[in-house]
Amino acid sequence: MTRECSLLLPRVCAALADPRQPGSDDTCLEKLLDWFRSLTEFDPTVKLVQDNPCLTELIASVLALPEPSPSILSFTLRLAGILAASENCFQHFQQEKLLVRLFGRDGPLSSTVWEDASVRSGWVEGVHSMMHHQPALHFLCNGGGIDVIFALQGDPSLFVASAASQLLVHMLILSVESETTKPLGTKDCDWPACAQMIIKHIEDSLQSSSASHVEQSLKLLTSLFGSCRSMWTEVLWLGVAKQIESFLTEETVQAQHMLANLLLNMAWSPVFCDTEGSFWALVSSALEHLTPVQAGPLAVGVLRLYKCPQDVRIQALTVLLQPMDCILRAASQPLEYAGLLDESVSDPAAVESLLSSKSSCASLLCQTLAHLEELLSLVYLPVDLPYTSLLRSLMTILQFCNGFLSPASPLGSMISRILINCFRVQRSALDVLAALSERKGCDTLIGSLFDVLLAYLESPNTGPTVLKKTFQATSKWLVRLHELSCSNSQWEQTEKILEDVFLVLQKRLCSPCWEVRDSSLEFLTVLIKCLRDQDEFRQSLLSSEVPRLTENLLEDPESYVRASAVTAVGHLAFITYFAPEAPVVGNQYNKENTVAKLQEILSTDPEGFPRRAVISIFTKWLRQGCTGQLEDTEQFVSRVIQTVEHDLDWEVRLGGLELVEVFCSQTICQLGLPKCSYAPVSSAVTSSNHQNESLQIFCRAKLFSFLFRSLCDCDKPVGQRACDILLGLRGSFYPISTLKDSQGTEDSPAGHSIAWLQRTLRQGSLAQNLPAGGGNGVDFEDPESMMLALGTIDLEELHDELNKSSDHVEKSPQSLLQDILATAGTVEENEADCY
């Protein structure tokens, strides 16, 4: 603790303990507790309390108040817990008889203020913070505090109830691991006293007729097995396993919904996952007896495990796929195709009942589909999925949802009526469909699949959100279609599908709904990124009206659409202008016209999104070498940065700096200097001719004016990026040994101006002080001056300043203490640190 803080702390404690003062802001109190935590972690002895007796006085004063403020009392309880985490400090508080008044029966427990949830929360948090040594454990167990925690498990405040459960887990682990010296047995006498009390409470609650008591113990066990991997947890489990197993079969106990999380936490523990027999038999029983909704999370969790008996894994997969199998069977009567499953784990009637109910059909399908997407996202899947049947089932769901399938079976008709236009299920099914595109084994259905996707793209009933998902799935499957065409030479099918897709896209680009136009442009951009090198794709695209309609949308009234149109046009250019075999079709694709349109958007569009998109596209073009020879690129970059440096949107200015960085790197590489990786170079390999040429190019393009002005940008990320670029340029032009001292260069006119520039940059006011044509003789277009600036200005110092948090002063403990005093009205107005 600094001297300044130690002087302020007594006044802060006095202000907090004074009931006449207005209550301090809760955020300030939280920060104050964080500060004390860091102090006690740095020095966990009693020294902090001995050197600052005001802390003990604060606790005693608050406890002596007849009606303390709930927030201050809660703060005091938490503070005392943090300090008492040190065993020496705990003993000090015991000698002062404070602990029993804080956490014992003489404390807030017996007062009316206990009715306030914040006080109960502060009490639990304080005890939890203190619970790091055996004296604290014995104090609580012997003083009756543990019974209070048992009661708080059922607190009406969910935060308090959850914190009480976590505290019991912490106490049980502390008791067992700090008080036992030999392996534990199942007898009560083997467990330490505190652990015995908690375990007896768990066992009694599990046998209780109260559903809430059963749930509390299951939550506690779930948390315990999730956080503790010690061998003694198996001993504990053996004592409660039979009771928990009975919950699967007893209909009178409504605790089944909590068993999935408990069993999964146990399955992830090496204590249980390596054991054969009883545990996995219980998992198997749970998969059989839980409802489909309850068993789903358990099934997908089991399928993610690497260590799991194969029969349990197959059973979990069967449970997970059962709703999809039911959909497939309901779609046709008699069954035309093989189902997903040969046999069911549980009664199929339960799944059929849920799917035929309007209240549960969509929820069950969405849960199942979410679990399937989770599995398909895994790099390594421990189990083989029946991909072809799964794809057919997904297509059936989508056809149910848009009314394109009229099943003959009564169950199918019922499901179809429930799912019609159900966008929740449509979105989930399309997500799984997209994920399935990366898996092998679905090739035979690809024609039927595109029939379903095109039906969705064409349907006027497809809403904007579902359409966006359909576009995403379609783009992934078009990439897959191309891969298949390359391997089996079925180009005709690919060309026909692409033709149909672009016909639909033309209509969607003209939609009156801006979200649809926006999604259509995003879809086009994705397709170009993935397929622009494929002849069939380019021919289909360029023979359609899509490029013309896309350019028209540069003038769309909605800014989001204009931004997406800019991105799409920018990527179209890789086909229409920049490809080696770019088409020559009259003036239809005029590069100069397109560049002029984009530059006009950058200069004049009133919204930031389109301007950001333009600078991003220009940078992409430059990065891929699409802006012509070096002379043309220089002029292009110069025009762009002169536009963006005055832009009011900081992200546009930041994009301009990225463009500059790419240009610098490419220029230096082309002229033979080391790559602009910003590593210092030796003078032996530095060519003065190439240096001069590079500097002249950068000066003519007005790069340095933009970079130095950006150092003082009011938006810090802009200044940070500019400083990084200047440091990189200096690393390319200057060996470390040749950097100059700015004091030795002030004799020359250029040196005088650069010294002024350094002073102005330190003040962070260049943009305000520097006139449009330069200031104090600084010539940003003079290579010699800029070389001198790079060598003498302390860019490291600027870099450190720019990377400091803007509130590094306000975040200091001293500032925090001053804030609390200011709130209490005990600091003069000019001393208050208001931020």
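Only a predicted model underlies this, so the values are computations on that prediction, with no experimental measurement involved. Residues: numbered from 1 along the sequence shown.
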Next on the checklist: Test of understanding: with side chain to side chain donor-acceptor pair (under 3.5 Å), list the residues that count as partners of D649, not counting sequence neighbours.
Outcome noted: R612
Next on the checklist: Between R304 and E374, does any NZ, NE, NH1 or NH2 come within less than 4.0 Å of an OD or OE carboxylate oxygen?
Outcome noted: yes
Checklist entry - In terms of heavy-atom contacts, does OH of Y560 have more than 12 from other residues, nucleotides or ligands at under 6.0 Å? => result no
Checklist entry - Within the side chain of W514, is there an N or O that forms a donor-acceptor pair under 3.5 Å with the backbone of P557? => result no
Checklist entry - With the threshold set at 4.0 Å, does a side-chain nitrogen-carboxylate oxygen contact exist between E438 and R480? => result no
Item to check | Qualifying residue for side chain to side chain contact (heavy atoms under 4.5 Å, CB included) with F523, from L509, L505, I528, T470 | outcome: L505
Checklist entry - Looking at residues at least two apart in the chain, or sitting in another chain, which of them share a ring-ring contact (aromatic ring centres under 6.0 Å, His included) with F400? => result none
Next on the checklist: How close do P407 and S413 get, counting heavy atoms only, and between which atoms?
Outcome noted: O-OG, 3.3 Å
Item to check | For G655 against I615, the heavy-atom pair lying closest together | outcome: C-CG1, 3.5 Å
Item to check | Salt-bridge criterion met for R329 and D325 (N-O under 4.0 Å) | outcome: yes
Next on the checklist: To check you understand the geometry: which heavy-atom pair defines the closest contact between L572 and P547, and what is its length?
Outcome noted: CD1-CA, 3.9 Å
Checklist outcome for this item: One should read off an interatomic distance between D556 CG and D518 CG, to the nearest 0.5 angstrom, of 9.0 Å
Checklist entry - Between R562 and E607, is the closest basic N to carboxylate O distance under 4.0 Å? => result no
Return a table of donor-acceptor pairs under 3.5 angstrom between the side chains of residues 446-457 and protein atoms on other chains or two or more places apart.
unit_1, atom_1, unit_2, atom_2, d
Y456, OH, L398, O, 2.5
Y456, OH, Q426, NE2, 3.2

Checklist entry - Shortest non-hydrogen contact from L317 to V383? => result CD2-CG2, 3.6 Å
Checklist entry - Does the side chain of E499 come within less than 4.5 Å of S543's, by heavy atoms? => result no
Item to check | Test item: S428 side-chain N/O and V425 main-chain N/O as donor-acceptor pair under 3.5 Å | outcome: no
Next on the checklist: Quick check against the 3.5 Å criterion: does T643 have a side-chain atom that pairs as donor or acceptor with the backbone of R639?
Outcome noted: yes
Next on the checklist: Between S393 and M324 (side chain of the first, backbone of the second, donor and acceptor by atom type, cut-off under 3.5 Å), is there such a pair?
Outcome noted: yes
Checklist outcome for this item: For S564 and T525 the tightest heavy-atom approach is O-OG1, 4.5 Å
Item to check | Sequence-distant partners of F706, ring-ring contact (aromatic ring centres under 6.0 Å, His included), two or more places apart | outcome: none
Checklist entry - Judged by atom type as modelled, is there a donor-acceptor pair below 3.5 Å linking the side chain of S353 to the main-chain atoms of A349? => result no
Next on the checklist: Does any part of the side chain of S710, heavy atoms only, come nearer than 4.5 Å to the side chain of R653, both counted from C-beta?
Outcome noted: no
Checklist entry - So, does S544 use its side chain to make a donor-acceptor pair with the main chain of L541 at under 3.5 Å? => result yes
Checklist entry - Y306 vs Y380 aromatic rings, parallel, tilted or perpendicular, using cut-offs 30° and 60°? => result parallel
Checklist entry - Side chains of V516 and S520: closer than 4.5 Å at any heavy-atom pair? => result yes
Checklist entry - Can we call the ring centroids of F636 and F618 under 6.0 Å apart? => result yes
Checklist entry - Below 4.5 Å, heavy atoms only, C-beta onward: do L378 and L375 meet side chain to side chain? => result yes
Checklist entry - Side chains of V479 and S437: closer than 4.5 Å at any heavy-atom pair? => result no
Next on the checklist: Under 4.0 Å between a side-chain nitrogen and a carboxylate oxygen: does that hold for R721 and D724?
Outcome noted: no
Item to check | Presence of salt bridge, E545 and R548, under 4.0 angstrom | outcome: yes
Next on the checklist: I'd like to know if R517 and E558 make a salt bridge, using a cut-off of under 4.0 Å between side-chain N and carboxylate O.
Outcome noted: no
Checklist entry - Does atom CD of E555 have more than 12 heavy-atom neighbours, drawn from other residues, nucleotides or ligands, at distances under 6.0 Å? => result no
Item to check | Side chain to side chain, V652 and E645, heavy atoms closer than 4.5 Å | outcome: no
Next on the checklist: Is it the case that the side chains of S638 and Q642 hold a donor-acceptor pair, with the cut-off being a distance below 3.5 Å and no angle test?
Outcome noted: yes
Item to check | Polar side-chain atom of Q294 near backbone of T291 as donor-acceptor pair, under 3.5 Å | outcome: yes
Next on the checklist: Quick check: closest heavy atoms across C513 and P464, and the distance to 0.1 Å?
Outcome noted: SG-CG, 3.9 Å
Next on the checklist: Tell me whether R439 forms a cation-pi arrangement with Y387, defined as NZ or CZ under 6.0 Å from the six-membered ring centre and within 45 degrees of its axis.
Outcome noted: no
Item to check | Test item: V300 and L372 side chains (from C-beta on) under 4.5 Å apart, heavy atoms | outcome: no
Checklist entry - Do the non-hydrogen side-chain atoms of V718 and D715 ever get within less than 4.5 Å of each other? => result yes
Item to check | Whether S356 side chain and E352 backbone form a donor-acceptor pair below 3.5 Å | outcome: yes
Item to check | Side-chain donor or acceptor of H482 paired with backbone N/O of L478 under 3.5 Å | outcome: no
Checklist entry - From I601 CD1 over to I617 CD1, what is the distance, rounded to the nearest 0.5 angstrom? => result 11.0 Å
Item to check | Results of salt bridge (Lys or Arg N to Asp or Glu O under 4.0 Å) for E658 - residues two or more places apart only | outcome: R623
Checklist entry - Stepwise, does the salt bridge (charged side-chain N to carboxylate O under 4.0 Å, His left out) test hold for E651 with R611? => result CA-CA 9 Å; E651 291 194 48; R611 302 199 306 274; over 6 Å; no
Next on the checklist: When you measure from the side chain of Q322 to the backbone of V351, do you find a donor-acceptor pair of N or O atoms at a distance under 3.5 Å?
Outcome noted: no
Item to check | Qualifying residues under ring-ring contact (aromatic ring centres under 6.0 Å, His included), relative to W650, sequence neighbours excluded | outcome: none
